[in-house]
Trainee: 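Handing you this structure, nothing more for now.
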Amino acid sequence: MIRFLDHVAAEQFVKPQTRALLMVDTDPAALLERYAGYRAPAVAHWLERSQT
């Protein structure tokens, strides 16, 4: 799955920033620590709520 996501990012089907949202680690404890400290990045919206 990780290789697939790297591939679709390389082929520009998803933005690299989107691919970077997937956290990967071989150590489950380290991954849980990363999840605990995660803060979602600010994203620009395509449309404002009033435009929908």
Side-chain angles (χ1 to χ4, degrees):
M1 179 61 95
I2 296 164
R3 277 189 250 153
F4 170 74
L5 292 172
D6 288 341
H7 175 73
V8 298
E11 295 295 322
Q12 300 179 352
F13 286 102
V14 298
K15 294 179 182 178
Q17 304 93 308
T18 303
R19 165 57 186 93
L21 293 173
L22 177 65
M23 291 185 219
V24 178
D25 202 307
T26 57
D27 179 14
L31 189 57
L32 289 174
E33 285 183 35
R34 288 176 64 192
Y35 284 153
Y38 177 77
R39 298 293 175 259
V43 294
H45 296 279
W46 291 359
L47 297 173
E48 295 298 323
R49 195 174 291 274
S50 62
Q51 294 175 301
T52 59

Trainee: Which atoms form the tightest heavy-atom contact between L5 and L22, and what is the distance?
Mentor: CD1-CD2, 3.3 Å
Trainee: Listed by chain and number, what are the side chain to side chain contact (heavy atoms under 4.5 Å, CB included) partners of F4, not counting sequence neighbours?
Mentor: M1, V8
Trainee: In the single-linkage hydrophobic clustering (I, L, V, M, F, W, Y; side-chain heavy atoms under 4.5 Å), do L21 and F13 co-cluster?
Mentor: no
Trainee: If hydrophobic clusters are built from ILVMFWY residues whose side chains come within less than 4.5 Å, do I2 and M23 share one?
Mentor: no
Trainee: Which pairs pass side chain to side chain donor-acceptor pair (under 3.5 Å) with one or both residues in residues 3-25, sequence neighbours excluded?
Mentor: D6-R19
